[in-house]
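We count residues from 1, following the sequence as given. Atoms within each ligand, like the ligands themselves, are counted from 1 in listed order.
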Amino acid sequence: MDARWDTATPYYSRSGLHIEIYDTMTLNSFNDDVSFLIDQAREAGGPVLELASGTGRVAWPMAEAGFEVVGLDLNPGMIAAAEAKRSNYPSAVSDRVRYVQGDMTGFKLDQRFRYVYITYRSFQALLTPEAQQECLRCVWQHLEPGGRLVVNVFDPKLSRCDKGAEGPPEQQTVRNPVTGLEVEQRSIERVNDPLSQTLSMLWVLEEKDAEGNVVREECERLDLRWTYRFEMSYLLELCGFEVLAEYSDFNRSPPAYAEEQVWVAQKPCAD
Ligand SMILES: C[S@@+](CC[C@H](N)C(=O)[O-])C[C@H]1O[C@@H](n2cnc3c(N)ncnc32)[C@H](O)[C@@H]1O
């Protein structure tokens with residue numbers, strides 16, 4: 001095991017390089033969800049609640065599309081990154097957005113919503129079936145009857161989930177918009193536990209000056225739980241939802257192995 005596991009901090013738990021480059025990295029790898037999630041809001045109506053709202057990558061465009069949005073996230077560093085964008089928008093848009101710190105497994109807000117979404121696999125940060133259920137039950141309580149829930153997780157590729165399976169090394173270099181310097185992010189090790197359906201990844205981020213010298217280094221640990229398609233379907237049902245649709249991407253492709261799971265569910269109309 002790499003010795004850096006001992007010093008790595010949980011992903012998103014503190015401000016740093018990984019948050020500074022978050023939007024740039026995501027733009028390169030995962031951004032098709034925004035227009036899909038806004039289309040869902042047009043069907044379901046507002047107000048809208050985003051759980052695990054991060055840097056406001058989706059919440060801000062949602063507000064630009066005319067919806068009142070509450071973004072809830074556990075980590076103050078992510079909320080600060082979302083709030084830092086507020087001055088980019090006219091007050092008619094920025095007045096529609098509120099960010100609150102909270103845990104998606106146990107929150108109590110003073111309003112109900114027509115639409116709740118949890119995107120970019122954030123639901124997978126919940127590492128036990130109990131935590132997943134607590135989250136879905138909280139969502140149920142905050143939805144109006146007939147209200148909609150969209151949840152995205154990845155569909156597990158079994159060859160990458162076995163004990164000892166490493167998967168292809170992941171590496172990306174992007175420019176840090178805060179400092180203007182290049183940041184290389186790479187995964188060093190991955191540990192799978194097929195029994196609990198969890199994986200842990202050790203990430204190293206290095207910021208380099210123009211000469212290629214490392215000027216800042218961070219080690220982050222990312223823990224996720226994978227959920228199988230039928231497990232997810234039963235979980236939604238168990239927590240009182242009706243599944244309206246299931247896709248394998250945000251272009252509404254049919255379910256497919258080892259792609260994404262994009263679930264559209266509804267709280268039944270009778271409370
Ligand atoms: C991959 S990021 C996604 C951010 C945003 N939804 C997006 O699509 O860009 C995962 C987010 O989940 C948040 N998170 C993790 N566990 C959480 C929890 N229990 N409650 C609320 N937020 C959580 C992290 O702080 C982080 O902002």
Testing Glu20, Glu182, Glu184 for salt bridge (charged side-chain N to carboxylate O under 4.0 Å, His left out) with Arg216, which one passes?
Glu20
Among Val34, Val97, Ile38, side chain to side chain contact (heavy atoms under 4.5 Å, CB included) partner for Met62
Ile38
For Gly54, take its heavy atoms, then give the atoms of ligand 1 lying under 4.0 Å from any of them.
4 (C), 27 (O)
Should the proximity of Tyr12 to ligand 1, defined as any heavy atom under 4.0 Å, be assigned to the side chain, the backbone, both, or neither?
side chain
Do Met78 and ligand 1 have an N or O pair less than 3.5 Å apart?
no
Is the count of non-hydrogen atoms from other residues, nucleotides or ligands lying under 6.0 Å from Phe154 atom CZ greater than 12?
yes
Counting heavy atoms not belonging to Phe230, are there more than 12 under 6.0 Å from its CZ?
no
Could you list the atoms of ligand 1 found under 4.0 angstrom from a heavy atom of Gly102?
20 (N), 21 (C)
Could you list which atoms of ligand 1 come closer than 4.0 Å to a heavy atom of Ser53?
5 (C)
Say whether Tyr120, considering both its backbone and side-chain N or O atoms, lies within less than 3.5 Å of an N or O atom on ligand 1.
no
Return the closest protein heavy atom for atom 20 (N) of ligand 1 as residue, atom name and distance.
Met104 N, 2.9 Å
Separation of Gln124 CD from Thr227 OG1 (nearest 0.5 Å):
6.0 Å
Please state whether Thr105 comes within less than 4.0 angstrom of ligand 1, counting heavy atoms only.
no
Nearest heavy-atom contact between Glu207 and Val183 is OE2-CG2, 3.7 Å
Using heavy atoms and a 4.0 Å limit, tell me yes or no: is Arg121 in contact with ligand 1?
no
Give yes or no for whether the N/O distance cutoff of 3.5 Å, strictly under, is met between Leu74 and ligand 1.
yes
Please could you name the atoms of ligand 1 that Tyr22 approaches to less than 4.0 Å, counting only its heavy atoms?
1 (C), 2 (S), 3 (C), 4 (C), 5 (C), 7 (C), 8 (O), 9 (O)
Any chance you could lay out the side chain to side chain contact (heavy atoms under 4.5 Å, CB included) test for Glu217 and Val204, step after step, and finish with the verdict?
CA-CA 7 Å; Glu217 185 184 85; Val204 172; 4.2 Å; yes
Is it the case that the ring center of Trp60 lies less than 6.0 angstrom away from the ring center of Tyr99?
yes
If we set the cut-off at 4.0 Å for heavy atoms, which region of Ala52 has an atom near ligand 1: side chain, backbone, both, or neither?
both
Which residue and non-hydrogen atom of the protein lie closest to atom 10 (C) of ligand 1, and at what distance in Å?
Ser122 OG, 3.4 Å
If the contact criterion is a heavy-atom separation under 4.0 Å, does Thr119 count as touching ligand 1?
yes
Who's the nearest protein heavy-atom neighbour of atom 13 (C) of ligand 1, and how far?
Asp73 OD2, 3.4 Å
For ligand 1, which is the ligand I care about here, please tell me if Arg57 has any N or O atom under 3.5 Å from one of the ligand's N or O atoms.
yes
Starting from Met201, can I reach Leu195 by hopping between I/L/V/M/F/W/Y residues whose side chains sit under 4.5 Å apart?
no
Can you give me the closest heavy-atom contact between Arg225 and Ser196, atom names plus distance?
NE-O, 3.2 Å
For Glu50, counting its heavy atoms only, list the atoms of ligand 1 lying under 4.0 Å from any of them.
5 (C), 6 (N)
Considering the heavy atoms of Asp103, write down every atom of ligand 1 situated less than 4.0 Å from one of them.
18 (C), 19 (N), 20 (N)
For Ala125, atoms of ligand 1 separated by under 4.0 Å from a heavy atom:
15 (C), 16 (N)
Hey, can you tell me if Tyr120 and Tyr22 have their rings parallel, tilted or perpendicular (30° and 60° cut-offs)?
tilted
On a heavy-atom basis, which atom in Ala258 and which in Lys157 lie closest, and how many Å separate them?
CB-CB, 3.9 Å
